Every structure is written in C-alpha cells, then in structure tokens.
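Written out below as structure tokens is the structure these notes cover.
These figures come from a predicted structure and were not determined experimentally. Below, chain A is the first sequence line, B the second, and so on; all start at residue 1.
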Amino acid sequence: MDPLEQFERQICEAVTATFRQMGADTPFEIEVPSTGTADLAVPCFPLAKVLRKAPAAIAEEAASKLPPLDLVSRVWAEKGYLNFRLDDRKVNMATLGAIMEMKDSYGRGNASGLKVLLEHTSVNPTGPIHVGRARNPIIGDTLARCMRAYGYDVTTEYYVNDVGKQVVLLTWGLENIPAEDVEAIEREKADHRLVVYYQKANRMMEEDPEVARQVGLMLRRFEDGDEEVMAKVRKTAKLMLDGIIESLLTINVVIDQFTWESEFIKDGTAHNVVERLKRSEHCGEDQGACYLELKPFGIHGKETRFFFTRADGTTLYTTRDMAYHLDKFRRADRTINILGEDQKLGQAQLAIALKLLGQERSPECVFYSFVSLPEGRMSTRKGTVVYLDDLIEEAEARALEEVRKRRTDLTEERMLEIARAIGRGAVRYNIARVQPEKPLVFKWEDALNFEGNSAPFVQYAHARACSILRKAGQAASSFDPGVLTNEYELKLIRALARYPAVIREAGEKQRIQALPAYGHEVAAAFNQFYTYVPVLKGEENRDARLALVNATRIVLANVLTTLGLSAPEEM
RNA sequence: GCACACGUGGCCUAGCUUGGAUAUGGCAGCAGCCUCCUAAGCUGCAAGUCGAGGGUUCGAAUCCCUCCGUGUGCGCCA
C-alpha cells in the first residue's frame, strides 16, 4: 500500500487530459523535484516541439487550464515546470493511515510469487572471511531482504568449493605440518586456527618441490575420485565453513542452503555438460584438452578459448559451475549471483557456454569491486588481511566505550547488547551504503563511523522515538492527522510516505544503496522534529504527534530490519 | 596489447539505467545550541573545472566518441 499512489494517479490523469486539450498527446514524466520547491512536478520541455511554444508558456497554460484537484492544494508554473503541492491533510491521513494499518509490513510490495535463488558469499573455505570478501554477504543478504520485502520468494545459497588445489593444499597442510611450525593463534574458532596451516603450506609448496609433488599427488587422487581423499577434503572444508558461518552470523547473515561443488562430479552432471559441449561446432581440442572458441561471441584478450576439460578429461571449475547453474534454473524462476569483479569474464564465458547448450537463461549478476587496504590488496595466502571477526570485535569494543560514556544506569549485560547492535550495524551499513561497483579502500575510521551517515544515526533516532513512546504510556485510540501542520511534521510525514517507493527501487531495481540513504533521510527529519517540536508537552497536538512518533518508529524499524540491522529501543 | 568497471569540494559519497530547475548527504575544519521527550543530536559558515577534451541536444554529472588515471580480467587455477 503506497500512500502516494493515489496522488500521482490523480495528477497523471488530470495532466494527461489537460495536455490533450492543449493539443499534445505526448508522454510526460511526473518527478519528485530535486529542488524541494514542490511535492511533484511535470517538466513541460518535451511538449515544446509538438506545440511549437516555449516550455514556460506551456506550463503556464496548463496550470491555468488544469481543473481543481481534491488531493492537490496548489498548482503553479515555474521555469517550464508544472508544479504541484499536495494537500497536507490528505497526505497526512493517507500516510499515517497506511502505516498504522500495515505496521511492520508497511512498505512491502505485492507478492509476485516468483522464486528467486540468490547465491552469495561462496568464498573458498581456506580461511576466515576477511573484510574484502565481506562485501559479498552484506550486499547479498541486504539484496535478499529488499527483494523479499518487495514480494519475491527468495532463497539464499552458498556454493561451497570443496574441489581443487586450494582445499587439497589446506588438507595436506593439516596432515603434514606439525603444530609447532605454525604461528600460535589466539582465537578458538576453527577457521582462524586452520588458516595458518594454509598459509604455511603455500609457502612450503613454493619453496620445496617435494611438497609440490606430494600435493599434486593428493590432488591427483582426489580427481580420480579416491573416496578417502575426497572425504578428508570435505571434512576440512566443512570445518572451515563452520567458522565462516559463525562469522556471518555476527553480521546477521544466515544462509538458507549450501550446495557442495563436489556433488556435481559425483552425480555425473558435470561430465554430462562436457559430453554436450563436445558436440558443439565451436568445440576444439588442444593436446587432449577440450575448449570452446569464444572469439565469435565477443570474448577479447590474449586467450579467447574457454577450456572445459583438462588433457586427462577431468572437469574444470567453470564446467562444474555450468552443471550447478543448470540445476539452479530447475529450482527457481530467477537466479542472481553476487560476485567479485574478477569473475566477470568467467560469468560471460559461462553465459555463452550455456547458450551453446541450448539453455536460454543465464544468471543475473551483481559484481562488486574489491575492498583493498590503504597499503594494497588483501590476500589470505599472504596474510595481508583484516578479518571480519577482528573488525566486528573492534566495532563492538568502540561501541561499548561510547555506551559506557553515555549510560551509567544500565547493567553490563544490557550495555553489551546495545554495543553489539551498534558495532555490527555500523559495519553492515557502511558497506551497504556504497554502490557495489565502486572501489572501496578499507579505513578503520570510516568503518567505525558512528555519526552522520551511519547505522547508529538511524538506530539512535529509533531509540529516541521508542523513548518518547515509553514515557507517553497508553496511546490515544484516535487522533486528528490534520493538526500536524508545522514544517517539521510535514517534512517527516512526506519522508515516511516514500518508503514503499524506496523498497520498490531497492528490491526491483536492485539498488540496495537507496535504503541506507533513505534511513538517513527519515532519521534526520525525525531528529529535526525532535529538536523543535514538543511531543509529550504537545498539549492539544499530543495525540497526533505521538501517532507520528509511532509511525516513524515503525518505518525506522522496518528500514533497519530490511538492512539486516537490529533496532535497539534504547541506546 | 585487448576487454570490462570506476573517476563528483581536503577525504568518503548520492544522483547516471529513463538527459531537465540552484549537483545529494556525510567526515574532517570553523562558529553557535543541553533549567525542557537521550547532544550518537540540532543550527549556521566555508569548501565543486562532476578526471580532460570533443560531439548530440533547446538543455549533459547523466547519452556518444577520444584521451588520461586507477582497479579487475585475459590459467588445461578456483
């Protein structure tokens, strides 16, 4: 239920009729002016050609010819725009009415019933998740929440890479490196305990050909389907994965299901893909290894061939990924992948190869740029990383420090609870607010920003609203929205009215960064209202203002939840 | 070399899909605001060749071309 819909509809109908009367049957836009001069505006420039008149004159004429509209309080022409001011009382009634009725489902779109399979994270189980990779679950989980809010039936999935050299190398390290040869680790979590073996094994393999030979042998046995080796590798991957899952939980990311890459080897579907690709006219062979020549499909670079088997006939990563996607297509109407920008070429090749198999569908991809450190790229192998667990720990510690400064009345447990909400939220918000494709340089001071455009800013506004409502006691059963007439009240209500449109933008157009920006806008409008408009001492306007505070609380809570943040009732 | 992405005040960032009014916010800086619902807040000031150049258009941060800078990719790796 979008409170602004009826207003837009009425204006659209009236303007269409008026333009037609003036001799123009051209399409036009209804936009929210960036200047803030009006609630809605229709630019008259596109009509200039048809009517052979200046846009300003067209706007003037339309303004004078437009019939009075009951939902609009003022119509005027300005610089070629036809401007509309909506009727305050009716906006108030429609908005507060919708929020009170829908409560925590205010903003939700109509269920489309479409099944969406959203794959995100899927990091290699060779080490703890680091800040660079953390962009993936945050974008993925936030998008999943936005799409659910918009009305899709979303399932999130993690594709576990338990095949290949990296996990085999880790497994070899665990079996062959004595504990005293790796650096001591403080954390109990398995992923942190294991990653040092992975790093050490990498160094050993580079320096010692014998190690490289042993790892190669193990990989060989794995590729040959040696049950013992496969089970061992899977066990390592599982151990690491459990640590990763635990980390994800701290930022409120829960993944619905897991698919293991090795399954596509075991069940023969990857091999089946190979057999079908071999029949393609674009298939070639180079010393036993099979490839598709993708030059005719617009693939550029030094190598335009896309190999899908090794010389020994075993499958490659992308081949198994094809089998995985064919499986996904059977399970959902839409498939979305959240991927690092390094996967772009691979995904392009995958899409072409799927087409060559006669598959019409290809996955929709959201690519994000890597997060780097000021001193350069993050690498698990080299150990030049900031782990998510460390970032969260630091964020919570800083938040706790702030809570202690402000609140001396709370129990230790309650302070910890609030600090967790703030610290974890700040990390998610700071990543979600930036467009995925923008490069991001990780800086502690930005990641731990607790003021301005940040999670705590939005959470704080929510806590303030809760505080007023707590002190007010029982809410009045009825109120008159018409008494909310000062600039702060009107601005706040207009912000609340936009929420369904924001969910549509974030969920349908997959622009999740619109949601943090909106949360900031509502919180800022509320903070101004809070500063200048008394609520509890609001005299005859008290009931209506309490209703507005409650409506704001509901919208802020919805925004926070959809961003995967908690909405603390006190801070 | 080729391909893809990004470039917006000192720093970070919105707007670009679908061209339209005075380019959105934040951080840092400066100056103010707590006898009153939590100052993680509010108000004001200062700060911009929207990477550069050209083109399309009545109109370009937005579309097209060229160039520059940065990142990513171009494995019988995953």
Side-chain angles (χ1 to χ4, degrees), chain A residues 29 31 33-38 41 43-46 48-49 54-55 78-81 83 124 126 161 163-167 261 286-291 298-305 307-314 316-318 320-321 340-346 348 367 369-370 372 377 399 402-403 405-407 422 426 430 433-435 437-441 443 445-446 449-461 463-472 509 511 513-514 516-517 520-521 523-524 526-528 530-538 545 549 570-571:
Chain A
E29 296 283 317
E31 58 183 38
S34 53
T35 50
T37 45
C44 298
F45 305 91
K49 219 170 241 169
E78 194 179 335
K79 294 174 184 167
Y81 287 84
N83 284 332
N124 280 355
T126 48
N161 168 245
V163 177
K165 203 171 187 173
Q166 306 307 314
V167 266
E261 186 177 342
D286 184 354
Q287 297 172 22
C290 298
Y291 63 87
I299 294 295
H300 303 262
K302 292 176 198 157
E303 174 64 271
T304 55
R305 292 177 302 175
F307 281 88
F308 60 92
T309 73
R310 295 194 180 90
D312 62 9
T314 53
L316 291 161
Y317 173 80
T318 321
R320 299 185 292 268
D321 205 19
E341 61 179 338
D342 57 336
Q343 306 281 331
K344 272 186 187 176
L345 177 62
F367 295 105
S369 284
F370 282 122
S372 57
R377 227 186 130 153
E402 294 294 319
V403 176
K405 253 190 254 171
R406 289 155 225 270
R407 303 293 298 267
I422 293 167
N430 272 306
R433 58 179 256 267
V434 182
Q435 275 183 47
E437 56 270 26
K438 289 257 191 186
L440 210 62
V441 178
K443 297 195 188 89
E445 67 262 36
D446 293 338
N449 175 29
F450 286 174
E451 48 193 4
N453 192 3
S454 70
F457 182 91
V458 183
Q459 290 171 320
Y460 184 58
R464 279 177 143 184
C466 290
S467 171
I468 292 177
L469 295 168
R470 215 167 25 240
K471 292 194 165 132
K509 298 184 181 168
R511 290 159 39 83
Q513 68 273 20
H520 180 263
E521 181 191 327
F526 179 72
N527 281 333
Q528 287 177 4
Y530 183 95
T531 303
Y532 297 108
V533 185
V535 176
L536 297 176
K537 291 179 183 167
R545 285 177 185 166
V549 171
E570 57 179 346
M571 279 173 69

Per atom distances to the Glu303(A) side chain, the nearest of G75(B), U22(B), C77(B) is G75(B)
Select base, sugar-phosphate, or nothing to describe what Leu536(A) touches, counting heavy atoms under 4.0 Å on all strands. base
Whole-Å C1' distance, C12(B) and A78(B): 33 Å
Rounded distance (Å) that lies between atom C1' of G10(B) and atom CD of Glu445(A): 13 Å
Among C76(B), A14(B), C11(B), which nucleotide sits nearest the side chain of Lys438(A)? A14(B)
From CZ (Phe370(A)) to CZ (Arg377(A)), nearest 0.5 Å: 5.0 Å
OP1 or OP2 of C77(B) versus the side-chain N and O atoms of Gln166(A): is any pair under 4.0 Å? no
Between atom CZ in Arg464(A) and atom C1' in C36(B), what is the gap in whole Å? 13 Å
Mind checking if Phe45(A) touches a base, just sugar-phosphate, or nothing, with heavy atoms under 4.0 Å? base
Quick one: label Gln459(A) by what it contacts on the DNA or RNA (base, sugar-phosphate, nothing), any heavy atom closer than 4.0 Å. nothing
Working to the nearest 0.5 angstrom, can you tell me the gap between Thr37(A) OG1 and Lys79(A) NZ? 8.5 Å
Take Ile468(A) and Arg545(A) through the side-chain contact (heavy atoms from CB on, under 4.5 Å) test and state the conclusion after the steps. CA-CA 10 Å; Ile468(A) 292 177; Arg545(A) 285 177 185 166; over 6 Å; no
Distance between the P atoms of G48(B) and A39(B), in whole angstroms? 34 Å
Can you tell me the base-pairing partner of G75(B)? Count Watson-Crick or G-U wobble geometry only, both distances below 3.5 Å, and say none if there is no partner. none
Would you call Asn430(A) and Asp446(A) a side-chain contact if the rule is heavy atoms closer than 4.5 Å? no
Hey, could you give me the CD/CZ distance between Glu570(A) and Arg470(A), rounded to the nearest 0.5 Å? 5.5 Å
Can you tell me, in whole Å, how much space there is between the P of G44(B) and that of C50(B)? 26 Å
Considering every strand and a 4.0 Å limit on heavy-atom distances, what is the contact class for Gln287(A): base, sugar-phosphate, or nothing? base
Lys509(A) side-chain proximity, nearest of A78(B), U17(B), C6(B): U17(B)
Separation between the P atoms of C4(B) and U24(B), rounded to whole Å: 33 Å
Base, sugar-phosphate or nothing for Asp286(A)? Non-hydrogen atoms, less than 4.0 Å. base
Rounding to an integer number of angstrom, what distance separates G10(B) and C74(B) when you compare their C1' atoms? 38 Å
If you look at every heavy atom in Ala461(A) and Ala523(A), which pair is closest and at what distance? CB-CB, 3.7 Å
From C42(B), U22(B), C76(B), nucleotide with atom closest to Tyr532(A) side chain: C42(B)
Under 4.0 Å, heavy atoms only, any strand: does Ala463(A) hit a base, just the sugar-phosphate, or nothing? base
Looking only at heavy atoms, which two atoms of Thr314(A) and Asp312(A) are closest? And how far apart? OG1-OD1, 2.7 Å
Scan every strand shown for a Watson-Crick or G-U wobble partner of U62(B), both distances under 3.5 Å, and answer none if you come up empty. none
Just the rounded figure in Å: distance from C1' of A78(B) to CD of Glu261(A). 7 Å
Ranking Tyr317(A) and Pro33(A) by the position along RNA chain B of their nearest nucleotide, the one closer to 5' is Pro33(A)
Please classify the glycosidic conformation of C42(B) as syn (within 90° of 0) or anti (everything else). anti
Which residue, Thr37(A) or Arg470(A), contacts RNA chain B at a nucleotide closer to its 5' end, judged by nearest heavy atom? Thr37(A)
Measuring only the P atom in each nucleotide, how far is A61(B) from G9(B)? A whole number of Å is fine. 15 Å
Measure the shortest side-chain to side-chain distance between Asp342(A) and Phe367(A) over non-hydrogen atoms and say whether it is less than 4.5 angstrom. no
Name the nucleic acid region contacted by Val549(A), choosing base, sugar-phosphate or nothing; use a 4.0 angstrom heavy-atom cut-off, strictly under. nothing
Sugar-phosphate or base contact per nucleotide [nucleotides 23-33 of chain B; S, B, -; heavy atom under 4.0 Å]: --SSSS-----
When rounded to whole Å, the CG to P distance for the pair Asn83(A) and U22(B) reads 13 Å
Nearest-0.5 Å distance that lies between atom CG in Asn124(A) and atom NZ in Lys165(A): 13.5 Å
Identified pairing partner of C6(B), criterion: Watson-Crick or G-U wobble below 3.5 Å: G69(B)
Regarding Ala41(A), tell me which of base, sugar-phosphate or nothing describes its non-hydrogen contacts under 4.0 Å with the strands shown. base
Report which part of the nucleic acid Phe367(A) touches: base, sugar-phosphate, or nothing (heavy-atom distance under 4.0 Å, all strands). nothing
Looking across every strand, which nucleic acid part, if any, lies under 4.0 Å from Ala517(A) by heavy atom: base, sugar-phosphate, or nothing? nothing
Would you say the side chain of Lys49(A) and the base of U57(B) hold a donor-acceptor pair, judged only by whether the two atoms sit under 3.5 Å apart? no
If we take the C1' atom in both C27(B) and U66(B), what is their distance in whole Å? 36 Å
Mate of C45(B) across any strand shown (Watson-Crick or G-U wobble, both atom pairs under 3.5 Å) is G29(B)
To the nearest angstrom, how far is Glu29(A) atom CD from U17(B) atom C1'? 12 Å
Quick check for you: to the nearest 0.5 Å, what is the distance between Met571(A) atom CE and Ser467(A) atom OG? 12.5 Å
Atom-to-atom span, CD of Gln528(A) to C1' of A39(B) - whole angstrom: 15 Å
Do Ile422(A) and Glu402(A) come within less than 4.5 Å of each other through their side chains, counting heavy atoms only? no
Sugar-phosphate, base or nothing in reach of Val458(A), heavy atoms under 4.0 Å: nothing
When you check every protein heavy atom under 4.0 Å of nucleotides 67-73 of chain B, what one-letter string (B, S, -) results, 5' to 3'? ----BSS
At 4.0 Å (heavy atoms only), tell me whether Ile422(A) reaches a base, stays on the sugar-phosphate, or touches nothing. base
Identify which nucleotide among A21(B), C37(B), G41(B) has an atom closest to any side-chain atom of Ile468(A), counting heavy atoms from C-beta outward. C37(B)
Protein-nucleotide distance (Asn527(A), atom CG; U43(B), atom C1'), rounded to Å: 13 Å
Provide the distance between the two P atoms, one in U49(B) and one in G41(B), to the nearest whole Å. 29 Å
Short side-chain N/O contact to A14(B) OP1/OP2 from Arg511(A), under 4.0 Å: no
Least distance between heavy atoms, Phe450(A) atom then Ala426(A) atom: CE2-CB, 3.7 Å
Scan Lys537(A) against the nucleic acid and name what it touches under 4.0 Å (heavy atoms): base, sugar-phosphate only, or nothing. sugar-phosphate
Rounded to whole angstroms, how far apart are CG on Leu440(A) and P on G7(B)? 13 Å
